[in-house]
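Here's the structure we're looking at; comments come further down.
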Amino acid sequence: MSGAFAGRALKHGMDAVSRCSRPQFQRLRTQKPAFKPAVRSFTASTRAWEKKYTEDHEWIELSSDGKTGTIGISTYAAKALGDVVFVELPTLDLEVSAGDSIGAVESVKSASDIMTPVSGKIVEANSVLEDTPGKINKSPEGDGWLAKIEMSDAKEVEKLMDADGYRKFTEEADGH
Amino acid sequence: MHQLTPIPHQVPSIIIGRNQNPWLEVDLNLISQASKPGVLQQIDLVRRRSGGGTVFHDEGNVNWTVIYPSADFTRDKHAEMIVRALRGCGVERARVNERHDIVLDQGDRKADSDPKDTHTSPYTASSDSAARPLKVSGSAYKLTRGRALHHGTCLLSSPNLKFISQCLHSPARPYIKARGVESVSSPVTNIALSNEHFISAVQDQFSKMYDHDRGVEAMPFNDELLEVTEIKRGYEELQSLEWTYLQTPQFTLANSNEVSRPVNIDLTVRHGVVTDASIAPTASDPSLQERTSLNENLVGLTLHKVTNWQDELSDSLKALPSEEGRRFVVDWLSKMLPSIPRSGK
């Protein structure tokens, strides 16, 4: 089963919202994530710092100590959802398992749950989104992050897709 | 697995969206009065799980719900299914509009449009025409892991069209600034079909859409469903006053735009509880001490539990120097934040 905003949903959602043309969107999508750890090319182990993605279209990026991660929704999902008008943030210290709902966004009459990619404890929520929910559309993989989590099992991140794998996943979903 | 559920409505109800404010969307004075014996009829107020704006249900309305895999989610596909059903019942004017609602076009009949085009009808007028389409069905969606829910109302023969707009006009609207979602009001009309006719037409279209050759097997919608623990838990949560009121996004209620006001009132409410309050006379400045005593009394107050503002404020009202000011505060808060009935839930 693919995720909450997966597949053709996104394609049709984009048609309806038409925030940018399809060629534009494909160009956007092929751009590399803005954040690249400086030490990335040194050793294989730093690959764990890469931004990872779920089939539900969330991303997680680990801190340099590898203990906490920042969670948000992908650029692809943000475009499909359309203008976000309200964000429900998780409460601090909330203990969650991978796949649990840690918040929700509302856009164009849709209330959409956001699921955590990993298990752990919520240590910070991006309260800026309470007053400016549109930040999720402007910068879904940057300033529009949703929450930070203290991970209980760092190995869970390894099961997620890297940027390249996620791009292929979304292309396949669009194609079917 | 696709599931279609027509749900009958006995008691007239107002249904607000997941992230809406009941004090802003609904005239709660009508809700409270209607529940008193002998006054109008009982009206229920419910917060649903899907997004979008406030709607009204009664016995002349059929609510439809489709649950299906989120990978196939589009905002229009099932609204289009409903339009095909309506056209099959002879309602040629029906179409899906740009807000994913279903409207009946009111323009002059033009050349036949493509009957398969569910977004244009022969009566579609240009957008600047005075013949505004009338809304008959509104959509809302909930997306979670793996599943999409799309549901909508369909006004068939509601006797309450005037009453609907009255219920959805809150006296507190000019004074509330809210996070979350505000309703977009649209002129509505009845389709003038029987519930049975509409339901069977929708079931036919659903069968066609999903190739159920043997038709749709109707599942009874009754109390047996409540034997499923998860359904029972959700059912009970949706009926609770906590779900309806405490899930309200943060808002402020202030009377600063009221021309004649002896007292300035400014409340901040988060999760249905007052987190900040300022109540002070506009003319003369009372001592800081006095103001503090009244404001502290309000902070921490759960709004929907207040049954009588006079009692709630009681002694702390003495911080206000004039009788006029004290009466103003009690009257104004009683009107904007009326007591919520506990019974009938």
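Throughout, a chain's letter reflects where its sequence line sits, starting with A, and its residues are numbered from 1.
Scanning all heavy atoms of the two residues, the minimum distance from B/Ser50 to A/Ala111 falls at C-CB, 4.1 Å. Minimum interatomic distance between B/Pro249 and A/Phe86 (heavy atoms only, all atoms of both residues): CB-CE1, 3.5 Å. Across all non-hydrogen atoms, the minimal contact from A/Asp113 to B/Lys142 is OD1-NZ, 2.8 Å. Among all heavy-atom pairs drawn from A/Leu81 and B/Arg75, the shortest one is O-NH2, 3.1 Å.
The contact between A/Glu88 and chain B is made entirely by side chain atoms (from C-beta outward), counting heavy-atom distances below 4.5 Å.
For the atom pair A/Leu129 CG and B/Arg179 CZ, the distance stands at 10.5 Å (nearest 0.5 Å). Annotation: the span from B/Arg18 atom CZ to A/Ser110 atom OG amounts to 14.0 Å, rounded to 0.5 Å. To the nearest 0.5 Å, the span separating CG on B/Leu143 from CD1 on A/Ile114 amounts to 11.5 Å.
For the set A/Gly99, A/Ala104, A/Ser107, the entry with the most heavy-atom pairs within less than 4.5 Å of chain B is A/Gly99.
Panel note: side chain A/Lys109, backbone B/Arg99; a donor-acceptor pair is recorded below 3.5 Å.
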